[in-house]
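Structure incoming, see below.
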There are 2 protein chains.
Amino acid sequence: MSVIRKIQANLDRMSPADREIGRFIAENPDKMLGLSSAALAAETGRSQSSVVKFAQRLGFASYQDLKLAVSTHRAQDWRLPAGPIHGSIAQEDGFATVLEKLVSSKYRAMRETVAANGAREVGRAVEALDAARRIYLAGVGASSLVASDLSYKLLKLGRVAIQNGDSHVQMANVAAGGPQDLLVAISYSGTSMETLKIAECAKGRGARVIAITGMQDNPLARLSDILLHTVADEDHVRSSSITARDAQLALTDLLFLMIVQRQPDAHDFIHETEVAVAALKSAGR
Amino acid sequence: MSVIRKIQANLDRMSPADREIGRFIAENPDKMLGLSSAALAAETGRSQSSVVKFAQRLGFASYQDLKLAVSTHRAQDWRLPAGPIHGSIAQEDGFATVLEKLVSSKYRAMRETVAANGAREVGRAVEALDAARRIYLAGVGASSLVASDLSYKLLKLGRVAIQNGDSHVQMANVAAGGPQDLLVAISYSGTSMETLKIAECAKGRGARVIAITGMQDNPLARLSDILLHTVADEDHVRSSSITARDAQLALTDLLFLMIVQRQPDAHDFIHETEVAVAALKSAGR
DNA sequence: GTCAGGGCGGAATAATTTATTCATCAGACC
DNA sequence: GGTCTGATGAATAAATTATTCCGCCCTGAC
């Protein structure tokens, strides 16, 4: 919890002097950062020693520590959207409104998606990805782009990731798979025919299947070994599936980062890939 | 610019004592926050007065101000955890940390990107997109996926959007373009050779060019007619360009939504497309 | 009603930390 | 070689912060 929040929460339980000091800090964190303990005391009409004791009672080792914490709070204060913004984007909305709704709905999709997946299930997915001989990716339409994104990242880690925009090729790929392999099937609805068939094929050959799909019951979810959920705006026509894609990306990014955590040389691999790709950039000069 | 970056940028021009102090701070910002000027002097083998002077030469009023700035940097540091997270034994901790960093970094990239682009420039981009006969999209690597995403959305609106993952094909496409056409060139660095050449070609044929690129000066930005900025974590190796991609998507989503605003029948178009695509889903049953 | 105990608050003071001054030194420039 | 400039750190001054101590008020016991 941020310092300011902590101060506000305890304001009632504080002694008069502490309350006055706390209130001032909560209301003027910026100003407080420029004040010494004595100056803050003068502002609040209290003594310098009370200011120091206030910091200590809050659990800080020193007044300077309190200032650092307040500074951290200021830097992290993003004025989060007050609440979930309902409704779609109306025609008459101006630039600022569109912006606000876009950002907050993206944020919401992200937050709710990561909240919908427990550490355990994500952990299972990461272990499966980590252990797989080959990782196949399946997805059509917008999900295909998410699959490509993940495959690109996995390749950077030296993993064998196989993905193609053409679902026929995807099918051909998994048809050669076996029990040591893993399929990541991505479909928000969980009913995309191609993705489903590919998942069935993979399963038939003994491969494990990670499904990344919506919360509702669906065929893809039912046949998966590991099930990860994406949460998005249900009105896909109006939102153009933006939030569904963001939710999928948030989840695949999370998987990727968790794999990086488990791979000590991940940093080197990524770096080497970047260097190799950078060579392409300068090749034409 | 963050303090740490500022220090690193000036490191070469500094005197020996300042360089030593600056290097220590850049490498151990966390540790530095817990040190007094004298303690920091001891760590670096320099005198306490040199530390104070270092802060003053950097433009800070006091050593404490420097500390506050470093603290702010630490709080705003949105580098995603790329290495093993130390100090936490439980796996749950690692999970929560990665999650927190991921979500806040994504959110931040999004926010700062939309904030970096004024309504006027976005408006110009939207008008150009709206008026264009054909919209070409160019981008390689991860940017190619963003280009595909946008093209898919534009197609849903009935626009003529032309995109291909192969840069040779992209080049061939724009080579047939003319003054009524528009190219959206996407590259975070603004130096990707293929994207640049394609933009040059488009420009040579009279087409307008919208560049979606980072804040730094770069060749792509210079030759663009309309310039949109993306803000992301600078450390692409560690963050694996996740935030750069998110920033690009936030911007392209915004452009898309603004076009939807201007097109009265947009929702009908999107709906028809969804229905048509849905027919594919059930075809195999 | 009075008294003891405990905590709070602030003045005074001690301790620590920061800023400035000053002497020295090294290198640049004439 | 002489002089100037700027860097450096020791010494010192200034400031800030932490602690001590004492009076006060409140509370509860008798």
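Every chain is numbered from 1, with letters handed out A, B, ... down the list of sequences.
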Could you list, one pair per line, each protein nitrogen or oxygen that sits under 3.5 Å from a nitrogen or oxygen of nucleotides 4-7 of chain D, together with the distance?
none

Inset, instruction - Answer yes or no: is there an ion pair linking Arg124(A) with Glu121(A), defined by an N-O contact shorter than 4.0 Å? - result: yes

Legend entry - Check ion pair Lys106(B)-Glu112(B) (N to O, under 4.0 angstrom): no

Inset, instruction - Can you sort out the partners of Phe256(A) under ring-ring contact (aromatic ring centres under 6.0 Å, His included), two or more places apart, ordered by chain and number? - result: none

Legend entry - Residues Arg245(A), Asp149(A): salt bridge by 4.0 Å N-O rule: no

Legend entry - Whole angstrom value for the distance that separates P of dG10(C) from CG of Leu40(A): 13 Å

Legend entry - Duplex segments of DNA chain C, taken as runs of at least three Watson-Crick or G-U pairs that stay under 3.5 Å: C:1-30 with D:1-30

Inset, instruction - Apply side-chain contact (heavy atoms from CB on, under 4.5 Å) to Ala26(A) and list each qualifying residue two or more places apart in sequence or on a separate chain. - result: Ile4(A), Gln8(A)

Legend entry - Heavy-atom donor-acceptor pair, Ser50(A) side-chain to dG9(C) base, under 3.5 Å: no

Inset, instruction - Between Arg46(A) and Leu35(B), just flag the one whose closest nucleotide in DNA chain C comes earlier from the 5' side. - result: Arg46(A)

Inset, instruction - Spell out yes or no: do the side chain of Ser49(B) and the base of dG9(D) have one donor N/O and one acceptor N/O closer than 3.5 Å? - result: yes

Inset, instruction - Would you kindly give the CD1-to-P distance between Ile21(A) and dC8(C), to the nearest whole Å? - result: 13 Å

Quick one: which protein N/O atoms are closer than 3.5 Å to N/O atoms of nucleotides 15-17 of chain C? Pair and distance per line, please.
none

Inset, instruction - Using distance alone, with no hydrogens and no angle criterion, decide if Ser71(B) and Thr72(A) have a side-chain donor and acceptor under 3.5 Å apart. - result: yes

Inset, instruction - Return the 5'-most residue of the pair Lys53(A), Ala39(A) with respect to DNA chain D, ranking by each residue's nearest nucleotide. - result: Ala39(A)

Legend entry - Nearest heavy atoms of Gln216(B) and Ser189(B), plus distance in Å: NE2-O, 3.3 Å

Inset, instruction - Output every pair passing salt bridge (charged side-chain N to carboxylate O under 4.0 Å, His left out) with a member in residues 211-225 of chain B, not counting sequence neighbours, ordered by first then second residue. - result: Lys203(B)-Asp225(B), Asp217(B)-Arg222(B)

Inset, instruction - Would you confirm whether Lys6(B), through its side chain, and Leu58(B), through its main-chain N or O, come within 3.5 Å as a donor-acceptor pair? - result: yes

Inset, instruction - Please answer whether the main-chain N or O of Leu157(A) pairs with a side-chain N or O of Gln263(A) as donor and acceptor at a distance below 3.5 Å. - result: yes

Inset, instruction - Take the protein atom CZ of Phe60(B) and the nucleotide atom C1' of dA19(C), then report the distance between them rounded to whole Å. - result: 17 Å

Inset, instruction - Verify, without hydrogens or angle tests, whether Lys67(A) (side chain) and Leu35(A) (backbone) share a donor-acceptor contact under 3.5 angstrom. - result: yes

Inset, instruction - For Leu66(A) and dA18(D), give me the distance from atom CG to atom P, rounded to whole Å. - result: 10 Å

